[in-house]
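Both counts, for ligands and for their atoms, begin at 1 and track the order of listing.
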Amino acid sequence: MIKKAILPVAGLGTRFLPASKSIPKEMVTVVDRPAIEYVVREAVEAGIEQIILVTHASKASIENYFDRNFELETTLEQKKKYDLLEAITNIVPPHVSIVSVRQPQPLGLGHAVLCAKDIVGDDDFAVLLPDVLVKEKTELNDLQRMIQRFDEVDAAQIMVEAVPENLVNQYGIVDVAQNPNEGESIKMEGIVEKPSIEDAPSNLSVVGRYVLPNQVMKLLETTPKGAGNEIQLTDAIATLQQSNTVEAYRMQGQTFDCGSKLGYLKAVLHYGIAHEKLGTDFKNLIKELDL
Ligand code: G1P
């Protein structure tokens with residue numbers, strides 16, 4: 001079973017400036033918790049027990065968030081604010097560890113993943129890109145399904161969703177013989193990073209969730225710079241696919257690109273409406289706007 005997940009959080013978040021000038025974009029709040037917490041929860045729900053943050057000097061607040069804060073805990077305890085104490089101490093369950101490693105240079109997503117090589121060791125692993133939030137429609141989350149499928153058929157799983165054709169040049173795009181249904185995996189014939197609209201093999205875009213065999217680490221070591229002059233995870237997966245079966249898994253949930261301002265606002269709306277305690281009042285607030 002896949003127990004380790006790499007979360008590359010070293011990116012400077014230029015799409016989210018000016019907010020991301022001094023706050024990591026992953027720490028921007030979606031309703032009442034930072035965006036990164038949703039991604040960590042998704043991984044934990046899928047059975048992940050070690051989260052590996054590939055991080056940058058400016059992102060210490062992410063590590064602090066998942067660490068204990070003794071001073072705050074003591075104060076809350078003295079003031080008998082036990083519900084808040086519970087909220088800040090149980091961000092991840094005790095069997096889950098969060099470790100971090102630095103990406104010393106911004107050489108691309110493939111390079112970021114490679115920075116976690118020593119921590120991953122010989123294990124197969126998942127990768128979750130924290131810009132994208134996945135709001136699930138079913139009990140079993142998409143990543144969990146991918147992990148189960150990986151175990152069943154021993155094939156890498158790449159989560160995809162359909163995007164409008166004019167946006168294909170912003171994503172990794174997969175080549176498949178036929179479109180899988182939602183919740184299904186299908187053998188991938190190829191994968192290309194940010195193709196031009198004319199060259200795109202389909203409109204199925206890579207969402208930012210991967211379940212990969214350990215072999216990908218070896219491949220990344222020799223992957224040359226590709227699109228954007230960066231070492232691309234997509235290119236290592238393309239090499240893997242020449243010798244191994246790689247499958248595209250079509251997701252069921254809904255994605256929110258929190259790395260973009262409008263995607264972020266959409267996430268706040270959807271997660272706000274669905275919030276256990278705030279949802280009803282939030283909906284009423286929106287109604288009051290009388291747009
Ligand atoms: C990365 C991946 C790309 C994927 C995208 C999803 O690109 O390289 O294949 O489709 O994330 O968000 P980035 O957005 O980092 O340029």
Side-chain angles (χ1 to χ4, degrees), residues 5-17 20 24-26 35-36 38-39 42-43 53-56 59 103 105-116 126-135 142-143 146 156-176 188 190-197 199-212 216 219-220 223-241 246-251 253-264 266-267:
I6 302 173
L7 275 62
V9 295
L12 294 181
T14 45
R15 287 191 299 158
F16 218 87
L17 285 169
S20 52
K25 61 181 170 155
E26 296 82 3
I36 183 97
Y38 294 87
V39 182
E42 176 193 343
L53 301 170
V54 180
T55 185
H56 177 267
K59 304 266 183 139
Q103 183 183 20
Q105 283 173 285
L107 297 180
L109 175 59
H111 176 256
V113 170
L114 188 57
C115 289
V127 177
L128 290 87
L129 306 188
D131 274 356
V132 181
L133 301 192
V134 176
K135 195 161 185 294
D142 281 302
L143 184 65
M146 289 165 72
Q157 302 291 314
I158 315 297
M159 194 191 285
V160 298
E161 70 173 341
V163 289
E165 265 156 34
N166 61 330
L167 297 183
V168 290
N169 56 5
Q170 298 180 14
Y171 298 97
I173 300 291
V174 301
D175 185 4
V176 283
M188 221 176 71
I191 182 169
V192 52
E193 184 67 14
K194 304 193 174 80
S196 65
I197 295 168
D199 294 339
S202 74
N203 70 336
L204 290 179
S205 75
V206 175
V207 170
R209 302 292 185 268
Y210 311 77
V211 179
L212 300 171
V216 167
L219 296 174
L220 280 169
T223 300
K225 287 182 177 171
N229 205 26
E230 293 184 337
I231 298 171
Q232 296 291 350
L233 181 59
T234 297
D235 293 344
I237 294 168
T239 311
L240 177 75
Q241 186 251 320
V246 176
E247 293 186 335
Y249 167 81
R250 186 155 179 188
M251 66 183 305
Q254 185 179 6
T255 55
F256 299 93
D257 178 10
C258 279
S260 85
K261 292 174 186 175
L262 207 59
Y264 164 75
K266 198 170 165 189

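- S205 and E161 are not linked by any side-chain donor-acceptor pair at a separation below 3.5 angstrom, with hydrogens and angles left out of the test.
- Closest heavy-atom contact between P130 and I36: CB-CD1, 3.9 Å.
- The closest protein non-hydrogen atom to atom 9 (O) of ligand 1 is E193 OE1, 2.7 Å.
- Applying the 4.0 Å criterion to heavy atoms of L129 picks out, from ligand 1, the atoms 1 (C), 11 (O).
- Every atom of ligand 1 with a heavy atom of G172 under 4.0 Å away is listed here by number and element: 3 (C), 4 (C), 9 (O), 10 (O).
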Side-chain donor-acceptor contacts of residues 225-241 below 3.5 Å, not counting sequence neighbours, with atom names and distances?
| from | atom 1 | to | atom 2 | distance (Å) |
| --- | --- | --- | --- | --- |
| Q232 | NE2 | A227 | O | 2.8 |
| T234 | OG1 | E193 | OE1 | 2.5 |
| T239 | OG1 | D235 | O | 3.0 |
| Q241 | NE2 | M188 | O | 3.3 |
| Q241 | NE2 | E189 | O | 2.8 |

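- Here the side chain of Q103 pairs no donor or acceptor atom with the backbone of V113 at under 3.5 angstrom.
- At a 4.0 Å heavy-atom cut-off, ligand 1 touches V207 through the backbone alone.
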Begin from the C-alpha positions of D142 and R209 and carry the test salt bridge (Lys or Arg N to Asp or Glu O under 4.0 Å) through to its verdict.
CA-CA 9 Å; D142 281 302; R209 302 292 185 268; over 6 Å; no

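- Salt-bridge formation is not detected for the pair D257/K266: no Lys NZ or Arg NE/NH1/NH2 atom is positioned less than 4.0 Å from an Asp or Glu carboxylate oxygen.
- Among I158, V206, V160, the residue whose heavy atom lies nearest to atom 6 (C) of ligand 1 is V206.
- Scored by the side chain to side chain donor-acceptor pair (under 3.5 Å) test, E26 finds K59 as partners (sequence neighbours excluded).
- Taking every non-hydrogen atom of Q232 and a distance limit under 4.0 Å, the qualifying atoms of ligand 1 come out as 8 (O).
- Only the side chain of T234 comes within contact range of ligand 1, with a heavy atom under 4.0 Å; no backbone atom does.
- Counting heavy atoms under 4.0 Å from ligand 1, residue K194 touches it through the side chain alone.
- Contact annotation for atom 15 (O) of ligand 1: protein absent (non-hydrogen atoms, distance under 4.0 Å).
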